[in-house]
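Heads up: the structure comes next, in C-alpha cells.
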Amino acid sequence: MRVQVQTAPFDPATELAGFARGRHDIGATVSFTGLVRDDTGQLVALDIEHYPGMTEAAITAMVDEAVARWQLVDCRVIHRFGHLTPGEPIMMVATAARHRAEAFAAAEFLMDYLKSRAPFWKKEITDQGGDWVKAKDSDEDALTRW
Amino acid sequence: MRVQVQTAPFDPATELAGFARGRHDIGATVSFTGLVRDDTGQLVALDIEHYPGMTEAAITAMVDEAVARWQLVDCRVIHRFGHLTPGEPIMMVATAARHRAEAFAAAEFLMDYLKSRAPFWKKEITDQGGDWVKAKDSDEDALTRW
Amino acid sequence: MIEVLYFAWVRERIGLARETVETSAATPAALVAELAAREPRYAAAFADTSALRVALDQTLASFDAPLAGVREVAFFPPMTGG
Amino acid sequence: MIEVLYFAWVRERIGLARETVETSAATPAALVAELAAREPRYAAAFADTSALRVALDQTLASFDAPLAGVREVAFFPPMTGG
C-alpha cells in the first residue's frame, strides 16, 4: 500500500511498472488516471491547493477502508497539487485483488471519496483569471452508493 | 482503438505507455488487467484456446459498442491465448473518456462481455491433469446490467 | 458442404478440431441430431446442447437459426474469456 | 489559543492562510460567529456556512462539534479532488 501526495509530475505507465507483479494470488488489477481536461481551449492551467497533513491522513484512511472491504492485495494512490497544465495526469489509483469485481469496486470507491473527501481544491486558470471549481451535487450523491 | 489477440506475453505498464497522452480532451482513463491466479499452489499453467477470426471480430464489435455508448476517445484490448503460467497477465482493457464514470463503465462493460461473449476457453493444468474452467452463472448474469 | 468446428471439451470429446460435413440440415439443432447419430463420441459431445453454444459464420446464433447459406458452423461450451 | 486555517476561496476572501486565535468558543459555529463579527472580510467569507466545511485537528467535523482540546481548526469550501 502506498500513498503519495506530490507536486512533481508523474507518468501513470511508469508508476504501474511492477505493480502487482511476481505474485500468484492476484487475479485482477484496475488503474484509474485523472487528467487535466480543457473543454474550451481557454484553460491555461489548473492550480490545486491542498491541506498538508490532512491530505495524506484522509487518503490513507480511505485506502485502509478499501483494503479491508475488498481484501485488496495491493493499492496505490498518487495525487498531485500545485500548478498543472492541460493533458497532465492529476492523480492515479491502482488496486489489486483476487477478482475483477473487487478491484473495480475498490477503485471506484476510492475515486468517489477522493473527489469529495480528500482536501484538495481546484482553480481553473484562463486568460480571464481564475475560477474555483465548484463541487458537484452528483459527486456528493455518488458517496451514497458505498 | 486497437484490438490485439496474441500468444506473446505482454507487460501492462509498457502497453499503457503513451495511452491517451498528448491530448486535452481526456479527463479519465481506466485500465484493467486480468492475471493467472493460483488459489491452491497446484496450478502449473492455464491453457487458453480461442476461435481465430471470430475472436478478433467479436472483440472489435464490443469495442465499437463501448466507444459509441460512452463516447470513448480511445480504447485498447489485448488478450492472450496459448500457454500461460501463474502471475502472467492474461488480458488488458484500457479506456479513455471525458469523465470518470464513462471510463469506468466502458471498462466494466468490456470485461463483462469479454468474459462471456469472446470465444476463449480456459483449461487449468495441474499435476493431476487438465480441467476446463466452467462458465459462472454470475458472469452471464453480469451482462443483464448493460 | 459446410465447415464444422469444435472447441474446448467438445473438440476433445469428438477428437477433431474441424471437419467438412455433407448435410442438408436446416438448423444447427438438425445438424447436431445428424452428427450425434453418427458415433458415440459425437453423441457424448452433444448429449446436452443446453450446455453448448453455436456460432454461424463466426457470429453467435441459436440452435434453431437457419443454416441456409452458412459456410462455417462452430460448436463450443460457454466462453470463459477475460 | 487555537490555530485556524483557511483554504481556497475562504483563504482568498480573508486574505490569510492561517492565524492563531484567542477564543473560548465552544464550537466551530461559535468561532465562526466571533470571526465574522471582527471585520467585513471575515463576514464575507463566513456569510453562508452551509457552503463551507470544517475540519478539527485534520478530521472533518460538524459546525456544532465540541472545540475543547482541539489545536487546529480549518475552514474551506467542499473539496474538489480526484
Side-chain angles (χ1 to χ4, degrees), chain A residues 3 5 32-37 46-62 77-81 84 89-93 107-125 129-143, chain D residues 1-21 27-29 31-32 35 40-82:
Chain A
V3 172
V5 179
F32 176 92
T33 303
L35 304 113
V36 182
R37 196 182 72 240
L46 193 64
D47 280 351
I48 304 182
E49 185 171 334
H50 82 125
Y51 185 168
M54 178 171 169
T55 310
E56 292 78 357
I59 299 177
T60 300
M62 291 170 201
V77 176
I78 303 174
H79 203 304
R80 291 182 64 194
F81 62 95
L84 286 76
I90 302 169
M91 48 78 61
M92 191 184 94
V93 160
E108 294 198 58
F109 165 88
L110 286 169
M111 284 310 307
D112 284 351
Y113 270 82
L114 284 164
K115 276 273 168 196
S116 309
R117 292 290 182 273
F120 292 100
W121 299 273
K122 294 192 185 111
K123 191 178 198 175
E124 293 179 337
I125 312 295
D131 266 319
W132 290 102
V133 174
K134 282 187 184 56
K136 293 197 195 84
D137 287 343
S138 58
D139 286 333
E140 191 64 32
D141 294 346
L143 299 185
Chain D
M1 297 281 277
I2 201 161
E3 280 295 295
V4 185
L5 282 67
Y6 310 110
F7 291 98
W9 57 255
V10 180
R11 173 181 55 72
E12 290 180 338
R13 284 193 199 170
I14 296 177
L16 206 60
R18 65 187 303 152
E19 60 184 321
T20 306
V21 174
T27 64
L31 178 58
V32 162
L35 293 167
R41 58 195 171 110
Y42 286 96
F46 291 119
D48 177 14
T49 53
S50 77
L52 294 183
R53 301 287 180 269
V54 60
L56 303 183
D57 287 331
Q58 307 193 353
T59 300
L60 282 173
S62 69
F63 278 82
D64 54 8
L67 269 190
V70 169
R71 287 172 304 174
E72 186 173 299
V73 181
F75 295 105
F76 43 77
M79 291 94 138
T80 53

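Note that these values count all heavy atoms, side chains included, but never hydrogens, waters or copies made by symmetry. Each chain gets a letter, A, B and so on, in the order the sequences are listed, and its residues count up from 1. All of these numbers come straight from a predicted model, not from anything done at the bench.
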Would you mind checking if A/K123 and A/E49 are paired as a salt bridge, meaning a charged N to carboxylate O distance below 4.0 Å?
->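 A salt bridge is absent here (no side-chain N lies under 4.0 Å from a carboxylate O).
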
Any sub-3.5 Å donor-acceptor pair from A/W132's side-chain atoms to A/W121's backbone N or O?
->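 Checking the backbone N and O of A/W121 against the side chain of A/W132, no donor-acceptor pair under 3.5 Å is found.
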
Under a 4.5 Å heavy-atom cut-off, does chain A meet the side chain of D/A51, its backbone, both or neither?
->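 For D/A51, there is no contact with chain A at all, as no heavy atom is under 4.5 Å.
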
With a 4.5 angstrom heavy-atom cut-off, could you sort out which part of A/K134 is near chain D: side chain, backbone, both or neither?
->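 Looking at A/K134, just its backbone touches chain D.
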
Part of A/R80 lying under 4.5 Å from any heavy atom of chain D =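 It is neither, since no heavy atom gets under 4.5 Å.
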
Assess the side chains of D/D57 and D/T59: does a donor N or O sit below 3.5 Å from an acceptor N or O?
->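 No - no donor-acceptor pair under 3.5 Å links their side chains.
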
A/V77/A/M62 under side chain to side chain contact (heavy atoms under 4.5 Å, CB included): CA gap, chis, key distance, verdict = CA-CA 10 Å; A/V77 176; A/M62 291 170 201; over 6 Å; no

Mind ranking A/A58, A/G34, A/A118, A/A61 by heavy-atom pairs under 4.5 Å with chain D and telling me who comes out on top?
->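 With the most close heavy-atom pairs to chain D, the winner is A/A118.
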
